[in-house]
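Order of the sequence lines fixes the chain letters, A, B, ..., with proteins taken first and strands second; residue numbering starts at 1 for each chain.
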Number of protein chains: 2
Amino acid sequence: MRRRLFLSAERLIAEHGFELVSSRDITSDASANIAAINYYYGSKLALLVDIFRARAAELNGERKALLKAALAQQAPRIDDILRALIEPAILWHDPERQTALRYLNRARGEGPPEMQAILQNDVGHLARFVDAIESVCPALPREEIVWKLHFSLGVLHHNSAADYRRLENLSGGACDPGDRERLLERTLAFISAGFLA
Amino acid sequence: MRRRLFLSAERLIAEHGFELVSSRDITSDASANIAAINYYYGSKLALLVDIFRARAAELNGERKALLKAALAQQAPRIDDILRALIEPAILWHDPERQTALRYLNRARGEGPPEMQAILQNDVGHLARFVDAIESVCPALPREEIVWKLHFSLGVLHHNSAADYRRLENLSGGACDPGDRERLLERTLAFISAGFLA
DNA sequence: AGTCTTTTCAAACGAGCGTTTGCGCGCGAT
DNA sequence: ATCGCGCGCAAACGCTCGTTTGAAAAGACT
């Protein structure tokens, strides 16, 4: 039942957003009683933060592993490092992980203040990427690296369903965000160019 | 009174977000009665959409004028076009316009569905930029231009107070988002490089 | 079988929300 | 002086929200 609440909450919020999903929506989707959320998680907020922590840890774990592999090469290039940052966030495409990604994306923008505080303060995993880029491009001042990483995350996070619908309206359907492999290459090309400028 | 409600709603929402500001917050900030919003605007939503439309029109009007000026040069470069896109959104720094910017930024992420629908469908002003870039770089396929414009808007919109606090946490205070002129140049350099890659 | 713990359930609680009501004030025009 | 009207106001309405309650049901263990 705990797990069912977790998955229902995650899926409903990924689809409709944090503001539009009530405790009653979640418990009825999970075929549970209204009181179940408070019984298992203490509060609705605690459930949502639990989901957020679990999925963020999963994502950052993959990033960390890819970064380690990239740095283990004998001559790592900045593309490899940036790829380790963005690949999991673009290529997760089995249904459960895609849902998890949409949940995390929403949490960034519309999540409760407690989540936003975590996002602001937990920068350890990003600091690893700053260090990695510094080791590969010693000429780049650290301040410059942080700024460009900030811009790159802007590109990466600009990936909500609403953003895509605008993209398709603008291109008359020529741009297909469903082709994740090409999206990854396009994104990587764009931000790599920004770093090498 | 209409104007007072407009400005109070805009300022409070820019500061605290759409979800945390109630009709009672707005009317009490404007020294008005709780019924004033419905009397002057019909509903709270109508007021918020009114604010959104007014400020978006103001912003896009400035962009349009700058774009026209850029294209009037005898040999316009892509930097000039991109600058017309991002300069108003970065350099507005008198207090009222800064508030307006924060309101618009929030509307993009946490605004009510009606606003998000406008953002998705009103792409005319962006189409002008696609055309302009096409006229300057005829070699770039239109699909490519739209993708890169999409990425550029990602960089531009990654500008909330929360994003900046993370940036400062990550850089140990070395990055100063308050220096708007430098931020403009940094941003322009990053996205221009992406277009020329 | 009996006891104790864990889980499920219907019902209600209190608070906050956006909105509506209906009365009365003040002011300009007749 | 009074009528009409735009406006301001206190109060209440109906609704949804997250949470709590207390008892019934299910399960575990001796």
Side-chain angles (χ1 to χ4, degrees), chain A residues 1-55 103-104 106-107 109-118, chain B residues 1-55 99 103-104 106-118:
Chain A
M1 185 82 274
R2 243 185 96 95
R3 186 70 184 163
R4 290 233 304 278
L5 291 170
F6 184 106
L7 293 173
S8 286
E10 182 183 45
R11 208 193 68 248
L12 289 175
I13 287 174
E15 282 175 12
H16 305 112
F18 276 87
E19 323 303 332
L20 295 173
V21 176
S22 66
S23 295
R24 286 168 175 83
D25 293 331
I26 296 168
T27 50
S28 108
D29 184 90
S31 301
N33 185 272
I34 295 289
I37 288 179
N38 292 271
Y39 179 75
Y40 283 104
Y41 287 92
S43 73
K44 183 192 183 190
L45 178 61
L47 164 60
L48 301 190
V49 171
D50 219 59
I51 296 171
F52 175 78
R53 280 196 206 277
R55 296 307 193 182
Y103 183 95
L104 287 175
R106 289 214 190 254
E110 7 155 343
E114 290 79 358
M115 279 186 206
Q116 315 244 12
I118 296 173
Chain B
M1 184 82 277
R2 245 185 94 96
R3 187 72 184 163
R4 289 233 305 279
L5 290 170
F6 184 105
L7 292 173
S8 285
E10 182 183 47
R11 208 193 69 247
L12 289 175
I13 287 175
E15 281 175 14
H16 305 111
F18 277 87
E19 323 302 332
L20 295 174
V21 176
S22 68
S23 294
R24 286 168 176 82
D25 292 331
I26 296 169
T27 49
S28 109
D29 184 272
S31 301
N33 184 271
I34 178 69
I37 288 179
N38 292 271
Y39 181 76
Y40 283 102
Y41 288 91
S43 74
K44 183 192 183 191
L45 179 61
L47 165 60
L48 302 190
V49 171
D50 219 61
I51 296 171
F52 175 77
R53 282 196 205 277
R55 295 307 193 183
T99 298
Y103 183 94
L104 287 174
R106 290 214 189 252
R108 227 179 308 278
E110 8 154 342
E114 290 78 1
M115 278 185 206
Q116 316 244 9
I118 295 173

In a table with atom names and distances, give each donor-acceptor pair under 3.5 Å that connects a side chain of residues 3-12 of chain B to protein atoms at least two apart or in another chain.
{"from": "B/R4", "atom 1": "NE", "to": "B/A30", "atom 2": "O", "distance (Å)": "3.2"}
{"from": "B/R4", "atom 1": "NH2", "to": "B/A30", "atom 2": "O", "distance (Å)": "2.8"}
{"from": "B/S8", "atom 1": "OG", "to": "B/R4", "atom 2": "O", "distance (Å)": "3.2"}
{"from": "B/S8", "atom 1": "OG", "to": "B/D29", "atom 2": "OD1", "distance (Å)": "2.6"}
{"from": "B/E10", "atom 1": "OE1", "to": "B/R55", "atom 2": "NH2", "distance (Å)": "2.9"}
{"from": "B/E10", "atom 1": "OE2", "to": "B/R55", "atom 2": "NE", "distance (Å)": "2.5"}
{"from": "B/E10", "atom 1": "OE2", "to": "B/R55", "atom 2": "NH2", "distance (Å)": "3.4"}
{"from": "B/R11", "atom 1": "NH2", "to": "B/D29", "atom 2": "OD2", "distance (Å)": "3.0"}

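- Annotation: A/R53, atom CZ; neighbour count of heavy atoms from other residues, nucleotides and ligands within 6.0 Å does not exceed 12.
- For the pair A/Y40 OH and D/dT19 P, the computed distance is 17 Å after rounding to whole Å.
- When rounded to the nearest whole Å, the span between CG of A/L47 and P of D/dC17 equals 16 Å.
- Contact detail for A/Y103 and A/L48: the closest heavy-atom pair is OH-O, 2.8 Å.
- Taking atom CZ of B/R2 as the reference point, atom C1' of D/dC7 lies 14 Å away to the nearest angstrom.
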* At under 4.0 Å between heavy atoms, which parts of nucleotides 13-24 of chain C does protein reach? Answer with one letter per nucleotide, 5' to 3': B base, S sugar-phosphate only, - none. => ----BBBBB---

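- Distance CD1 (A/I26) to P (D/dT16): 17 Å, rounded to an integer number of Å.
- Atom pair A/M1:CE and D/dA26:P shows a separation of 16 Å (rounding to whole Å applied).
- Atom CD in B/E19 sits about 14 Å away from atom P in D/dC17, given to the nearest Å.
- Heavy atoms only, all atoms of each residue included: B/E19 and B/E110 are closest at OE2-O, 3.1 Å.
- Taking each heavy atom of B/E15 and B/R106 in turn, the nearest pair found is O-NH2, 3.0 Å.
- The heavy-atom pair separating B/M115 from B/A107 by the smallest distance is SD-CB, 3.8 Å.
- In terms of phosphate contacts, A/Y39 brings no side-chain nitrogen or oxygen within less than 4.0 Å of OP1 or OP2 of D/dT19.
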